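As a basis for the values below, the full set of heavy atoms in this structure was taken, side chains included, without hydrogen atoms, waters or symmetry mates. What you see is a predicted model; the values in this text were computed from it and never measured.
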Amino acid sequence: MLQTLTANRDALDLLFKFLTLALGVLGFCWTLASGLNSLRTHLKAKREEQIARCIASLAEENPVRRLSAVNGLTANCRQVFPELLLLCAAEKDPMIKALLADALTENCRANLTTVIAQSAFAARLYAAVPAPKGLDAARLSRIRRFYERDNAVPGTQYLQTGGEGYDEAALREQITLSGHLMSNAFSARKRRALAGHILLNINGYQSAWRRKSLSCLIFQHNNLRHARISDITFSGYDSEDNNFYDAALDTCAFSDGTEAYNIYRKARMKGCAFRDGEFTRCNFSESAQEKGVYERLKMHEVHFRGAKLRLTAMIDVTVKLGDFRGAAVEKGTFLKTSFYQTDMSAMRFTRCVLHEARFGGSELSTTTFTGCTFKDVSFAGADLRKCNFEGCKLEAVTFAGAKNTDKTFFKGCTDHAGNPFAPEKAGLSAA
């Protein structure tokens, strides 16, 4: 009995010591956590005080103090990203502006929501300018209508201010900077929809853009030479003076837009579609296109010189004063498409389908059609000097008013009934 009581007392003593130790450890941990929290609060306050001093120093005229302030601000870019974005747009010194822009670029992905909100805010303000100097007021009307509908835009808390009392040049700087920062995050695989933005002067040389949907957009003076662009959608956009030289465009869609003076020269395009828009003086020369679609478009003075088009369709397209010299089209489809006063000399059409196509007043000298199918096609007013039709099927084709038809060559062609095509019966002189 005595031994049992002694054992119980020892067990109680051991339990008491264990509880005392546990309470001591808990007390130590609490003290340590409180100390760390106090240290964190102190460091945060100290950092905020340092940032405030840096901002104050940045407003001074002393260049040494300003550069020191920039160093302090860039070191804390994550904490003051929105403020730094505004400071960079307003900064006049090119060296300091470049340092701030570099810091913002390094941290833009983690702060993409802020960048998008600032860009939308600046676009909304710029659209409220009665007579802007930098952009066409007619183009800005698209942005203005978008915000008048009060659509949901990321960061709408930034959009509550009005559009008066600001410097237009500084606002353009803000738009340019925000667009540059947004473009640096376009390489992310995450799909994102952006609307109501103005993208200007972006240097996207050799950049990668993918899985983005851009609507109600003004897109001007951007450099995307040698860029890789995939699964990008443009809708309701105005695009001017953008450079896509030697860019790779894969499965991109462009709709309800206007394009002027854009360069797609030597671009490699696969599965791209252009619908419901107008093109003025755009250059697609020497581009390589596959499985492309051009539908319901008006094209004026566009250049496809030396382009290679394979499995490409043009549907309900009107081309005026274009330049297609030396272009090669393989297995293409031309439906309700008209070429007026367009230079198409030395072109090569191979196994193409042309239905309700018009070549009014176009230059087709030394052009070759091989294995093509024609139905309800008019060459009225076209110059057919040394134009070659080889192994083609011609049904309801009109040559009335065409020039130099006596120097047009037909070889192995058939009519709608499968009989050999007789130029004499079509009112042509045999070459």
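A salt bridge does not link E290 with K308: none of the charged nitrogens is closer than 4.0 Å to a carboxylate oxygen. A salt bridge does not link K270 to D250: none of the charged side-chain nitrogens sits closer than 4.0 Å to a carboxylate oxygen. A salt bridge is defined here as a Lys NZ or Arg NE, NH1 or NH2 lying under 4.0 Å from an Asp or Glu carboxylate O, and R296 with D316 fails to meet this definition.
Every residue two or more places apart in sequence or in another chain that forms a salt bridge (Lys or Arg N to Asp or Glu O under 4.0 Å) with R268 is listed here: D246. Residues that satisfy the side-chain contact (heavy atoms from CB on, under 4.5 Å) test with D383, not counting sequence neighbours, are E363, R385, K403, N404. The side-chain contact (heavy atoms from CB on, under 4.5 Å) test applied to N283 returns R265, S285, H303, not counting sequence neighbours. E301 meets the salt bridge (Lys or Arg N to Asp or Glu O under 4.0 Å) test with R281; sequence neighbours excluded. Remark: E356 engages no residue in a salt bridge (Lys or Arg N to Asp or Glu O under 4.0 Å) (not counting sequence neighbours). Checked against salt bridge (Lys or Arg N to Asp or Glu O under 4.0 Å), R275 has the following partners two or more places apart in sequence or in another chain: E295.
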Q: List the steps, then state whether side-chain hydrogen bond (donor to acceptor under 3.5 Å, both in side chains) holds for D102 with T105.
A: CA-CA 5 Å; D102 288 345; T105 301; 5.2 Å; no

Q) Would L104 and C88 satisfy side chain to side chain contact (heavy atoms under 4.5 Å, CB included), going step by step from the backbone distance to the final call? A) CA-CA 9 Å; L104 290 168; C88 183; 3.8 Å; yes

Q: Kindly determine whether R142 and D238 satisfy side chain to side chain contact (heavy atoms under 4.5 Å, CB included), including the steps that lead there.
A: CA-CA 9 Å; R142 188 190 295 270; D238 291 295; 3.0 Å; yes

**Q.** Derivation and outcome, side chain to side chain contact (heavy atoms under 4.5 Å, CB included), residues H221 and Y261
**A.** CA-CA 10 Å; H221 316 301; Y261 305 97; over 6 Å; no

Q. Should S255 and D276 be marked as a side-chain hydrogen bond (donor to acceptor under 3.5 Å, both in side chains) after you check the CA-CA gap, both sets of side-chain angles, and the distance that decides it?
A. CA-CA 6 Å; S255 62; D276 302 301; over 6 Å; no

Q: Quick one: do F279 and F274 satisfy ring pair (Phe, Tyr, Trp, His ring centres under 6.0 Å)? Show the steps, please.
A: CA-CA 10 Å; F279 286 72; F274 298 86; 5.5 Å; yes

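One distance of note links CZ of F349 with CG of N388; it measures 13.0 Å at 0.5 Å rounding.
Two rings, from F219 and Y237, have their centers 6.0 Å or more apart. Taking the six-membered ring for Trp and the full ring otherwise, the centers of Y264 and Y245 sit at least 6.0 Å from each other. You'll find the ring centres of F359 and Y340 outside the 6.0 Å limit. Taking the six-membered ring for Trp and the full ring otherwise, H226 and Y205 have centroids separated by under 6.0 Å. Aromatic ring centres of F374 and F369: separated by under 6.0 Å.
Counted within 6.0 Å of NZ on K393, heavy atoms from surrounding residues, nucleotides or ligands total 12 or fewer; the atom is thus considered open.
Between the side chains of T280 and H300, no donor N or O sits under 3.5 Å from an acceptor N or O.
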